[in-house]
Amino acid sequence: MSMKRIAVLTGGGDAPGLNAVIRAVTKTAINVFGCDVFGILDGYDGFIANGGVIPLNLAAVRGILPRGGTILGTANRGNPFARKVIQDGQEVVIDLSDDTVRAIQDLHLDAVIVIGGDGTLRVAMELCEKGVPIIGVPKTIDNDVGGTEITFGFDTALMIATEALDRLHTTAEAHHRVMVLELMGRDAGFIALHSGVSGGADVILIPEIPFKHESIIRKVRERAQGGSKFSLLAVSEGAKPLGGQEVYARSGDAVYVPRLGGIGQEVSNYIEQQGFEARVTVLGHLQRGGSPTAFDRWLATRFGAAAVRTASKGSFGRMVALRGSQIVDIPLSEALAIPKRVDLKGDALATARGIGISFGDE
Ligand code: F6P
């Protein structure tokens, strides 16, 4: 297939490395395939917004490799199948997918590279079913997209979370306190698990393992009795007590997903009720902002280049993925079939338990 016009967009929450993908897509499409490249602004919205499509050339992507965020902008309420609009002064949710498909057809694009997490990639798959030639690139700090061993953005979030634990460690020790660090990750505990192990947490709470409050305090007491009068807890925002619910900062609706937040404070309150001094830190969007690590730049660049090569073969509805040390491409349907979660039988958990970390379940 001769590929002449290619577009790239970023959707959902940002992740460090988005600009590295945009740069790799643009450079590969121009240098290897001689394409015209277009950037779609603010996710899928850009297709139907006035001025939402911009040309991308080599000059436009110069200097963006180490930059966080995305030069194209993003939106996590930009699902064209469920778009919130104001009609007759009322807020309503409507399906704009046909308008989006028409706008894409009018641009005569040979390929659309969509960089996003599971929500954005699901929309990509549905648009592909309506005839749009789409290739997905998996992005998220949560590392929860199926079919790929790692998403770019995860390594940077991990580095920031680990540094936060290191910093909390010294102040916890100085004041004989229990420090609780609430981390992102939604329904997947990868950030808490990996940074907890790397940052020396004593207790790690993840969504995949419902915890018992008594089990947390037992660990804190054991440590205190053994002479370590401080403890460090890495708590995933989606962690929940056995038989209980996740803690939400805001409920969801047809457009917005519910926003997790507050479990760290809840656990900290419990620890204080048991007679220990505790403090909570919510690391929040610091995990998503700023410059990507070398690994994320490397992975993002390989993903971007591979997405363009896959598009050039004319095989659409696929997502690039990391398997072993190779970049492969797999059907989007396969990637989205099962969301990735921490493997309860995997070596990571066995390792963490073996070195004495509590998951609050024993
Ligand atoms: O999916 C990435 C993520 O950062 C989650 O870890 C977190 O729950 C969510 O996005 C936060 O979303 P927002 O930026 O909309 O608050």
Side-chain angles (χ1 to χ4, degrees), residues 15 17 117-118 121 138-166 181-212 215-216 218-219 231-243 246 260 263-264 267 283 287 293 295-296 298-299 302-303 319-331 333-362:
D118 53 358
L121 293 175
K139 153 265 33 167
T140 167
I141 63 163
D142 303 338
N143 198 32
D144 62 350
V145 177
T148 182
E149 280 161 22
I150 306 180
T151 50
F152 72 86
F154 175 59
D155 187 64
T156 307
L158 207 52
M159 186 202 68
I160 295 163
T162 303
E163 191 197 339
L165 283 167
D166 285 347
L181 180 65
E182 182 177 306
L183 295 158
M184 283 185 166
R186 241 173 225 160
D187 302 318
F190 294 105
I191 297 177
L193 173 61
H194 290 223
S195 68
V197 169
S198 307
D202 306 297
V203 178
I204 300 175
L205 304 180
I206 57 174
E208 293 87 345
I209 305 178
F211 67 86
K212 298 181 222 147
S215 168
I216 301 173
R218 196 177 314 127
K219 179 71 182 176
S231 287
L232 207 49
L233 273 64
V235 178
S236 188
E237 61 182 0
K240 53 182 175 300
L242 190 65
E246 295 92 352
L260 287 160
I263 186 65
V267 167
L283 200 53
Q287 291 158 97
T293 59
F295 177 83
D296 276 339
W298 164 240
L299 183 62
R302 292 174 75 202
F303 273 169
M319 183 190 87
V320 294
L322 183 73
R323 297 259 174 103
S325 57
Q326 299 301 311
I327 306 291
V328 297
D329 58 272
I330 60 172
S333 54
E334 185 186 323
L336 296 169
I338 309 168
K340 188 148 59 90
R341 298 290 179 258
V342 169
D343 178 3
L344 298 184
K345 296 195 170 66
D347 83 283
L349 269 189
T351 300
R353 289 192 197 276
I355 60 171
I357 296 172
S358 164
F359 286 86
D361 59 336
E362 282 165 354

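Using a 4.5 Å heavy-atom threshold, the side chains of Val235 and Ile204 count as separate. Counting heavy atoms from C-beta on, the side chains of Leu165 and Leu181 come closer than 4.5 Å. Looking only at side-chain heavy atoms (C-beta outward), Val203 and Ile357 stay at 4.5 Å or farther from each other. The closest side-chain heavy-atom distance from Ile330 to Arg323 is below 4.5 Å. Using a 4.5 Å heavy-atom threshold, the side chains of Ile263 and Phe211 count as touching.
Among Thr151, Thr148, Asp144, Asn143, the one residue that satisfies the side chain to side chain donor-acceptor pair (under 3.5 Å) test with Lys340 is Asn143.
To the nearest 0.5 Å, the span separating CZ on Arg218 from OG on Ser358 amounts to 8.0 Å. Between Asp187 atom CG and Asp118 atom CG the span is 9.0 Å, to the nearest 0.5 Å. For the atom pair CG (Leu193) and CD1 (Ile206), the distance works out to 5.5 Å, reported to the nearest 0.5 Å. Taking CG from Leu183 and CD1 from Ile191, the interatomic distance works out to 7.0 Å, rounded to the nearest 0.5 Å. Summarising the geometry, atom CG belonging to Leu283 is positioned 8.5 Å from atom CE belonging to Met184; distances are rounded to the nearest 0.5 Å. Remark: Lys219 NZ to Asp202 CG distance equals 6.0 Å, nearest 0.5 Å.
With sequence neighbours excluded, the residues that form a salt bridge (Lys or Arg N to Asp or Glu O under 4.0 Å) with Glu246 are Lys240.
Judged by distance alone, the side chain of Ser195 and the main-chain N or O of Leu158 form no donor-acceptor pair under 3.5 Å. Within the 3.5 Å criterion, the main-chain N or O of Arg341 finds no donor-acceptor partner in the side chain of Glu208. Looking only at distances, a side-chain donor or acceptor of Glu237 sits under 3.5 Å from a matching main-chain atom of Gly185. In terms of modelled atom types and a separation under 3.5 Å, the side chain of Asp343 and the main chain of Lys345 share a donor-acceptor contact.
Across every non-hydrogen atom of Ile150 and Phe295, the tightest pair is CD1-CZ, 4.0 Å. The two residues Ser236 and Pro207 make their nearest non-hydrogen contact at OG-CD, 3.4 Å. Of all heavy-atom pairs between Phe152 and Leu299, the closest is N-CD2, 3.7 Å. Summarising the geometry of Val145 relative to Pro138, their closest heavy-atom pair is CG1-CB, 4.1 Å, with the distance given to 0.1 Å.
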- Message: Let's go through Leu322 and Arg302 carefully: what are the C-alpha distance in whole Å and the side-chain angles of both, what is the deciding distance for side-chain contact (heavy atoms from CB on, under 4.5 Å) to 0.1 Å, and is it a yes or a no?
- Response: CA-CA 9 Å; Leu322 183 73; Arg302 292 174 75 202; 4.2 Å; yes

- Task: Check the pair Phe190 / Asp142 against side-chain contact (heavy atoms from CB on, under 4.5 Å), numbers first and verdict last.
- Result: CA-CA 7 Å; Phe190 294 105; Asp142 303 338; over 6 Å; no

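The pair Asp361-Arg353 meets the salt-bridge criterion, since a charged nitrogen lies less than 4.0 angstrom from a carboxylate oxygen.
Cation-pi check for Lys139 over Phe154 is not met; the charged atom does not lie both under 6.0 angstrom from the ring centroid and within 45 degrees of its normal.
Within 6.0 Å of the CD1 atom in Ile338, the count of heavy atoms belonging to other residues, nucleotides or ligands does not exceed 12.
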